[in-house]
Amino acid sequence: MRQWFFNIYYSFPLQLLLLQLRNHLLLLMIWLLLVGLMTGAIASELGIKYLFWAPEYLGEVNFFSFGFLGFTFSTFCMTWNLTIYMLDAYRFPFLASLKRPLTKFCINNFIIPLLFAIILVYYQISFEISEEHFSWQNIFYNCLGFFLGVMSLILVLLVYFAYTNKDILSYERKFDNQPPNLVKNMMPGRSLVVAKVQAQHRSWPVRNYFNEFLQARRVRSVAHYSNATLLSVFRQNHLNALAVQLVSLAILIFLGMLVENPYFRIPAGASIFLFASVLVALMGAVIYWFHHWSMPVFLVLFFFANFLTQKGFFKHESQAFGMIYDSTRVVYDFDVLQRNCTKELIEKDKATTIQILNNW
C-alpha cells in the first residue's frame, strides 16, 4: 500500500501539477480566468460563456465551429506545455535521456488541460440539451468536431517533433570530445539553469512517467551522461518550443489582418483561446529571462502598454462617417434641449415615423 502511494505521489504528472501550483500561480491565473469565463462565474451578464458553449462560424453552430474551438484550445494547451517545459524542464534531468522528451513532457502534463476540457464539454452538452434542444446526433457531431480539432494540432506537432527532435544518442556521438566553454554555447536564458543542471538538481524526484502509448515507465538515472549531452537536448527542445509559440503569434496576427473576410472570422471563443496562448507565451518568456525580476517587468510592461493605447496609432475612437468632429462641440444641457424640442419638431418626427411604419 505504501509503495503504491509513493508511486502515485512521485509520478511525473502529479509532480508537474505540484510544481506548477508552487511556482507558477501567475500563469495558472489564466486557466482560472478561462474557467470563470467559460462557466459564467465571470462576466455572465455579457454572455461570454455562450462563446464557449455554442461557438458560431459563418453564423452557424455546427461541426466546423466546434472544430475551430477545439483546434485553438489545443493551441493554448500546447503553448502552456511548451512554456512550462522551457521554465522547468531542467528540474527533471531524466527527460534528456528519453526519446522525444518534449512529446513525453506534454503527455504527462495533462492534468490541468484534461480537467478544463471535461468541464468545457460538460457545459457544452448541458447547454445543447437544455437550451438548444439539439438531437443526440447533432450533439455527437459537435463533440466529434471539438475532439478532431484538438487532435489535428496534436498530430501535426507530434510529426514536427518526431522529425526535429534528436535523441540523446545523437548528441552523445556529437560530443564524444567535450567542447570547451560549455556555458557560452548554451540555450538562451538564465545561466542559473546551466548551473542547476550541471549540479544534477533533484528537488523534484520522479519515479515513473507515461510514454506515448500511455504506459507507465520507470525513470532511469542520468548520472552517466555528460552535462554537454543533457544541455544540448534541452537547448534543442527549447528552440522547438519557441518556434511553435512564434507560429501561434503569427496565426493570431494573420487572422487579425484578414478579419474582413467572413471565412477567417473564427468563433469568438476560439479567438479567446488564441489570445490566451499568446499571453501565456509572453508571460513565460518574461519569467524565463528575468526570473526573480519578472514581477517588476510585468508591471513596467503593463503601464507601458496602457500608455501606448492612449496615443496615436494605438488609440482607436469610434466615429460615424460624415460627422464633423473638428468643429466646436455642441453644449449638451437642459436649456439647449428645451430650445431644440419644439412642438413643430415633435409633430414632424411623428409624421416621419408614421410614414416609415406605413411603408413597412
Side-chain angles (χ1 to χ4, degrees), residues 30-40 42-44 46-83 106 112-114 116-128 131-132 134 138-160 243-284 314 316 318:
I30 298 178
W31 281 105
L32 294 178
L33 176 61
L34 290 176
V35 170
L37 294 174
M38 181 261 295
T39 59
I42 300 176
S44 177
L46 301 178
I48 295 180
K49 58 186 178 183
Y50 300 114
L51 304 179
F52 298 95
W53 299 355
E56 289 188 9
Y57 178 65
L58 297 178
E60 295 183 4
V61 178
N62 53 25
F63 174 89
F64 295 102
S65 64
F66 277 88
F68 278 114
L69 189 71
F71 184 86
T72 53
F73 171 67
S74 182
T75 301
F76 173 66
C77 292
M78 293 304 298
T79 303
W80 169 263
N81 286 330
L82 298 175
T83 299
C106 295
I112 294 178
L114 180 61
F116 184 91
I118 291 174
I119 297 173
L120 175 58
V121 173
Y122 168 78
Y123 274 94
Q124 288 174 343
I125 294 177
S126 299
F127 178 74
E128 291 173 349
E131 301 294 336
E132 298 289 339
F134 283 175
N138 286 339
I139 294 175
F140 171 77
Y141 282 130
N142 291 339
C143 291
L144 180 63
F146 181 81
F147 175 77
L148 292 179
V150 171
M151 294 305 300
S152 60
L153 179 67
I154 292 177
L155 292 177
V156 169
L157 291 180
L158 287 179
V159 172
Y160 170 74
V244 174
Q245 291 175 340
L246 291 177
V247 170
S248 298
L249 180 60
I251 291 175
L252 185 62
I253 296 174
F254 178 75
L255 292 174
M257 295 173 59
L258 298 176
V259 70
E260 297 298 328
N261 190 321
Y263 291 98
F264 289 94
R265 296 174 190 167
I266 63 174
S271 298
I272 293 175
F273 281 132
L274 282 180
F275 178 75
S277 301
V278 175
L279 191 59
V280 166
L282 293 177
M283 293 176 64
F314 297 96
H316 300 280
S318 298

Using 30° and 60° as the class limits, which term best fits the ring planes of Y123 and W53: parallel, tilted or perpendicular?
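Judged by the thresholds at 30° and 60°, the geometry between Y123 and W53 is parallel.
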
Please tell me if the side chains of [X] and [Y] come closer than 4.5 Å, counting only heavy atoms from C-beta onward.
X    : Y    : result
L69  : Q124 : yes
I42  : I48  : no
K49  : L37  : no
S271 : I266 : yes
F71  : S152 : yes

Classify the side-chain pair E128/N142 by whether it contains a donor and acceptor separated by less than 3.5 Å.
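Present: a donor and an acceptor within the cut-off.
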
Which value, rounded to the nearest 0.5 Å, describes the distance between [X] atom [atom1] and [Y] atom [atom2]?
X    : Y    : atom1 : atom2 : value
S74  : N81  : OG    : CG    : 9.5 Å
I30  : S277 : CD1   : OG    : 9.5 Å
F73  : L34  : CZ    : CG    : 9.0 Å
F146 : I125 : CZ    : CD1   : 10.5 Å
L282 : T79  : CG    : OG1   : 10.5 Å
E132 : N138 : CD    : CG    : 10.5 Å

Which heavy atom of T83 sits nearest a heavy atom of A281, and at what distance?
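It is OG1-CA, 4.0 Å.
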
Is there a side-chain contact (heavy atoms from CB on, under 4.5 Å) between V35 and F116? Walk through the geometry before answering.
CA-CA 7 Å; V35 170; F116 184 91; 3.5 Å; yes

Enumerate, atom names and distances included, each donor-acceptor pair closer than 3.5 Å involving a side-chain atom of residues 57-65, sequence neighbours excluded.
residue, atom, partner, partner atom, Å
Y57, OH, Y263, O, 2.7
E60, OE1, N62, ND2, 3.3
N62, OD1, F64, N, 3.2
N62, OD1, S65, N, 3.1
S65, OG, P55, O, 2.9
S65, OG, N62, N, 2.9
S65, OG, N62, O, 2.8

Is the distance between the ring centroids of F127 and Y50 under 6.0 Å?
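Yes, the ring of F127 comes within the 6.0 Å limit of the ring of Y50, centre to centre.
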
Test side-chain contact (heavy atoms from CB on, under 4.5 Å) applied to T75 and F273, step by step:
CA-CA 8 Å; T75 301; F273 281 132; over 6 Å; no

More than 12 foreign heavy atoms under 6.0 Å from OH of Y141: is that the case here?
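Count not over threshold, so no.
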
Evaluate the criterion side-chain contact (heavy atoms from CB on, under 4.5 Å) for residue pair F68 and T72; output intermediate values, then yes/no.
CA-CA 6 Å; F68 278 114; T72 53; 5.7 Å; no

Between L148 and L144, does a side-chain contact (heavy atoms from CB on, under 4.5 Å) hold up when you go through it step by step?
CA-CA 6 Å; L148 292 179; L144 180 63; 4.0 Å; yes

Take F76 and W31, measure what ring-ring contact (aromatic ring centres under 6.0 Å, His included) needs, and give me the verdict at the end.
CA-CA 10 Å; F76 173 66; W31 281 105; 4.6 Å; yes

